[in-house]
Each structure stands twice: as structure tokens, then as C-alpha cells.
Amino acid sequence: MQSLVAFLKGLGAARLMAMVAVTTALIGFFAFVIMRVTTPQMTTLFTDLSYEDSSSIIKDLERQAIPFELRNEGAVIMVPKDKVTRLRMKLAESNLPKGGGVGYEIFDKSDALGTTSFVQNINHLRALEGELARTIRAIDRIQAARVHLVLPERPLFAREAPEPSASIVVRVRGSLEPQQIRAIRHVVASAVNGLKPQRVSIVDEAGRLLADGATKDAEIAVGDERRTAFEKRMRNEVEAIVSSVVGQGRARVQLTADFDYNKITQTSDKFDPEGRVLRSSQTREESSASAGDGGQVTVNNELPGNQANSTTTARDQSKKSEETNNYEISRVTKTEVTEAGRVNRISVAVLVDGSYTKNEKGEMVYQDRSKEQLDRIAALVRSAIGFDQKRGDQVEVVNLRFAEAPTVPPVVEPGGLLGFLQFTKDDVMHVIELGVMMLLGLVVLFLVIRPLVKRILAAEVVPGLTEAPALIEGSGPNGELGPGQALIAGTSGTAQLIDVAQVQGQVHAQAVHRVGELAERNPNETASIVRQWLSEPAET
């Protein structure tokens, strides 16, 4: 211990502080490396969380003693990667996250005995709005949604009830397509009794009106959308069938469809004079007779028994028949309703590249396609679009050389050890991160820590060594260097010269210190030695 204490005293305060600083930095660096390596890889558990959902999830994670990280002011929660799937299923069992709204679970813990009908109606409205908001958030590009429903009650003594309406505020990533907006309106209208799609208003987070709830069906015509969808579908079909012949990326297709958005209602009556039908027939017959009896009218003449005995001198008879027939001409009434969106004409332009072959030198040579092959491609295109010459359809197939020959990058399948272990991108990045940390640790150890320690401990002299000055300053009997000088001479550079100067200064300081101590302990002997030095003649 005495030698250790003496060694530490010989180092000095500056070197001790340097050694402590280097040791502390070394311990801190390796502690950081160990903590970084042993820390589990974190991944996203949920994103875009509300404060209520984030608070509930954090409480559940703390109860399970699972480490987590919060980012984006609590909207994103990170957990260890190996526990993500289990945590999501566990939180789904607890109905988390709720999405910042209240759904039909509001009735799970309600006290029905002390609840009025007004509160029940309000809870039902809240639950319906929350469920619709959750459904809308399930649509792609929608981050958050709020739904407000107006369900008016029918007033007393009123024949007609007010129509319900709805307003929706959404926060989207990018922009919504027209069909997505119409889908949202129809989803909400189908979920609320009596609500019409045109009574649903949609607004985004920037205040832009995406759908006006005050417009009518005629004002929200989707002609352009229908035409665009039709052209896109037909273009994809034509490009797919042409690319299968000429090669992927070697065909360009442009298709234009002319639509008629006028709705026509036509009623026609047709009469057929040849198709007569008897509608009614009426026959009338009249007959009359008169006798010459002098015109006397008596009771005896009127008796039935006396009629036979009566004699008539003359009789007048008349008969009349009349027949009336009514005929109906056949009539056909035809009503035709032609809906909007008829295709009037389709025009297709197809540009195909030629073929490329290698010549004797191995160079790619361009070659035009034959007319027969172009005609076959045109026939395929006409069949794909339903070509109608009476409608005025037009198909043009042209062969021109493209500016650059298309190159399809080959699909590289994972093979070897990477394909066998099926490493993901995150796993590879984690291994690279560990390798970089280890390399950095080795660099710091060998290029920073080792030189500092070596400089602190370089050429330290043990107290009591009296031969050091002779080894360093003098030379051997034959003029050769001593062992210490040979070691010093074997090394070159500025660092070695600095070390030699430090050793020489330390040796002289220790010699002077030891002489002072001897003089203090033996003052008489010291005085006599000094007198002897003074009495000796000076050397010439």
C-alpha cells in the first residue's frame, strides 16, 4: 500500500484527474453501448391517438409493466417489437383504442331504471354518431372524422315530418377522390332512417366543402366521374392485351369516350288500319199490323172468345230492321326512357414499339413490325372495346420507335442465408446498428483511451532509482548508448522526445527533493560537506 500511495503521489494531481476523467468517460461510453444493445427494438403500437385513448393505453401498459415510448405529443406509442401483436389483441379485448368517440358501448354500463327518455334519446344519438365516425375512419386516407346528426321529431298535428340531415368533418391524408366522397354520403344515409344522400354535407380540416348537403340529385351529376372510370377501365384492358403481344412497357394507349348525359323520355302511339276489331254490334227490328173493323170498340169485341168469330175485312202489315256495328282500329302506345350516360363514340389510339434483335456484333437492332401484325393488334383492340362502326368508333394502331427502349428490372428473389432466415428490413437495420456501435467502441478504445492511458503511465520512475540519470544523460565506457538510451533511440517521433524530457525532469526533481530531505535530517554533516566543497580547489 505504501508503494501504491507513493506511486499515486508521484503521478501528481493533474495526472490523477486525467486518469479519473478517462476512466469515467470509458465507463459511461461502454454503459451507453451496453444499454443501447440490450434495449429492445421498439415499434409502433398505435398512431393518431386521441388524448383519452392514449391515457387509457398507457395505464394498461403500466399495469402490465411493459416499457413504452411516447412520440408526437402522445399521438404515437412505441412498444417492444416482440410484444406488438399480443398487446394489440389484449387492448382490442378491452375495446381500445376507442377512436376518441363513444359508440354503442355507452349502453353497457347505463342505469336504465333512473334514465329518462330524453337521456336515452341523447345517448342513442351519441352512440350513432360515434359508430358512424368509426366507420368513416376505416376508409383509406381518412385520419379522423366527426359526425353530427340532426334527427328532428315530427311536430304534433303536422302532416309532413322534417327531413333529417348530417354534417361530417374529416381530416385526410392528401385528398379524397369523388367516389370516396359519394361512398361516405351513402354510408351515412343508409345508416340513418329517412336520411337522403343529398342531405349530407362533408367538410375537410381546411374548411373546404367536399359535398354540399343543400344540392339536388340533378346538380350532383357524376358524368365526368363515370366517363373517367369507363375510359380508365377500357384503357387498362386494351393496354394489357397489347402489352402481352409487344411486351411490357412497349405500348401506349389513349382512349377517349364521348358520352351523352341527356335523359330522354319518348312516348309514341301507333295505329294499324289493317287490324280492325269489332267493338260493338246493335240490331233493331220493328213490325206493325192493322185490321178494318169499322173502328168500333166494344166490350164484346175485346173478349178473347169473340175474337175468333170476328171478321175483318182488311189487314195492313209493316216490318223494319236496323243493325249498327262499331269497329276499333288497333293502337299501340310505347314509352321509352333513355337514361343519361350513353356512349356515343369511342376513339382509341395505340402506339406500339418495334422489335429489337441482336446482330452479329451483339448489338440491339431495331426492326419495324409488319402490317399483318399491326392489323391483328387492331382487330384485338376492336374486339376489346366493342367496336361499332355505325356508332362511329375509330381505332388507330401505329408503329413508331420509342425514344428509349424500355427496360424491366429483374425481380431478385432473396436467396442464401438471407432468404433462408427471411430477415426483414428492420432486422437488417438493427444488426447494422449493433455493428456500427461495436466498431465505434473499438475506435474509441484504441484511438482515444489507449493513447491517453499510455501517455499518463509512460516511463514512470520508481522512487529510489539512482542509476536513471546516468543511463539517460551519460554513455557507456566505450561511448555506446546505455540500455535506457537504446530503448529511447529505438523509437522516434515527437511523442518519444516529450516522454524523455518528462523522465529527465522527474528524475532531477526527485534527486533534488531527496538531497533536501538528507540536509534537513543531518544539518551538521551537510554543513561539513559544504565546507569541504568550498575548500576544494576549482577544477580547470
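Along the sequence shown, residues are numbered consecutively beginning with 1.
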> With a 4.5 Å heavy-atom cut-off, do Phe68 and Val79 have their side chains touching?
Replying inline: yes
> What residues form a side-chain hydrogen bond (donor to acceptor under 3.5 Å, both in side chains) with Asn325, not counting sequence neighbours?
Replying inline: Ser281
> Is the backbone N or O of Val170 less than 3.5 Å from a side-chain atom of Asp204, with the two atoms forming a donor-acceptor pair by type?
Replying inline: no
> For the residue pair Arg235 and Leu255, what are the closest heavy atoms and their distance?
Replying inline: NH2-O, 3.8 Å
> Quick check: does any side chain N or O of Ser190 sit under 3.5 Å from a backbone N or O of Val187, one acting as donor and the other as acceptor?
Replying inline: no
> Does Arg252 use its side chain to pair, donor to acceptor, with the backbone of Val350 at less than 3.5 Å?
Replying inline: no
> Within the side chain of Asn399, is there an N or O that forms a donor-acceptor pair under 3.5 Å with the backbone of Arg369?
Replying inline: yes
> What distance do Lys371 atom NZ and Arg376 atom CZ have between them, rounded to the nearest 0.5 Å?
Replying inline: 12.0 Å
> Would you find more than 12 non-hydrogen atoms of other residues, nucleotides or ligands less than 6.0 Å from Gln389 atom CD?
Replying inline: no
> Counting distance only, does the side-chain N/O of Ser201 pair as donor-acceptor with the main-chain N or O of Asp212 below 3.5 Å?
Replying inline: no
> Taking atom CG of Asn193 as the centre, does the number of heavy atoms from other residues, nucleotides or ligands within less than 6.0 Å exceed 12?
Replying inline: no
> Hey, does the side chain of Asn72 reach the backbone of Ala75 with a donor-acceptor pair shorter than 3.5 angstrom?
Replying inline: no
> Got a sec, which residues hit side-chain hydrogen bond (donor to acceptor under 3.5 Å, both in side chains) with Gln179, two or more places apart in sequence or on another chain?
Replying inline: Glu177
> What residues form a side chain to side chain contact (heavy atoms under 4.5 Å, CB included) with Lys334, not counting sequence neighbours?
Replying inline: Ser268, Glu336
> Is the shortest side-chain N to carboxylate O distance from Asp393 to Arg391 below 4.0 Å?
Replying inline: yes
>> Looking at every heavy atom in both Ile57 and Leu91, which two are closest together, and how far apart are they?
In response: CG2-CD1, 4.0 Å
> Do other residues, nucleotides or ligands put more than 12 heavy atoms under 6.0 Å from His148 NE2?
Replying inline: yes
>> Is there a side-chain contact between Val76 and Thr44 in this structure, where contact means two heavy atoms from C-beta onward sitting under 4.5 Å apart?
In response: yes
> Is the closest basic N to carboxylate O distance between Glu62 and Lys59 below 4.0 Å?
Replying inline: no
> Under a 4.0 Å N-O cut-off, is there an ion pair linking Arg227 with Glu231?
Replying inline: yes
> Taking all non-hydrogen atoms of both residues, which atom of Glu205 and which atom of Arg171 are closest, and how far apart?
Replying inline: OE1-CA, 3.3 Å
> For the side chain of Asn359 and the backbone of Glu363, is there at least one donor-acceptor N/O pair under 3.5 Å apart?
Replying inline: yes
> To the nearest 0.5 Å, what is the distance between NZ (Lys83) and OG1 (Thr43)?
Replying inline: 14.0 Å
> Testing Ser54, Ser55, Ser56 for side chain to side chain contact (heavy atoms under 4.5 Å, CB included) with Ile58, which one passes?
Replying inline: Ser54
> CE of Met364 to OH of Tyr356: how many Å apart, nearest 0.5 Å?
Replying inline: 8.0 Å
>> If we count only N and O atoms by modelled type, under 3.5 Å, do the side chains of Gln198 and Arg185 hold a donor and an acceptor together?
In response: no
> Do Pro155 and Pro162 come within less than 4.5 Å of each other through their side chains, counting heavy atoms only?
Replying inline: yes
> So which pairs with a foot in residues 147-160 pass salt bridge (Lys or Arg N to Asp or Glu O under 4.0 Å), sequence neighbours left out?
Replying inline: none
> So does Lys196 pair up with Glu163, basic N to acidic O under 4.0 Å?
Replying inline: yes
>> Could you check whether any side-chain N or O of Asn121 sits under 3.5 Å from a backbone N or O of Ser117, counting only pairs where one atom can act as donor and the other as acceptor?
In response: yes
> Of the non-hydrogen atoms in Ala133 and Ala145, which two are nearest, and what is the gap between them?
Replying inline: CB-O, 3.6 Å
>> Determine whether a donor-acceptor pair (N or O, by modelled atom type, separation under 3.5 Å) exists between the side chain of Gln367 and the backbone of Thr357.
In response: no
> Does any non-hydrogen side-chain atom of Asp258 lie less than 4.5 Å from one of Ile346?
Replying inline: no
>> Please find the pair of heavy atoms, one from Ala166 and one from Val188, that lie closest to each other, and give the distance.
In response: CB-CG1, 4.1 Å
> Counting N and O atoms only, with roles assigned by atom type, does the side chain of Arg88 sit under 3.5 Å from a partner on the main chain of Leu45, one being a donor and the other an acceptor?
Replying inline: yes
>> Please determine whether side-chain contact (heavy atoms from CB on, under 4.5 Å) holds for the pair Leu210 and Val203, giving the CA-CA distance in whole Å, both sets of side-chain angles, and the decisive distance to 0.1 Å.
In response: CA-CA 5 Å; Leu210 304 180; Val203 182; over 6 Å; no
> Under the salt bridge (Lys or Arg N to Asp or Glu O under 4.0 Å) test, which residues partner Lys90, sequence neighbours left out?
Replying inline: none
>> Using the side-chain hydrogen bond (donor to acceptor under 3.5 Å, both in side chains) criterion, which residues pair with Glu69? Sequence neighbours excluded.
In response: Arg71
> Any idea which heavy atoms bring Ala251 and Val246 closest together, and the distance?
Replying inline: CB-CG2, 3.9 Å
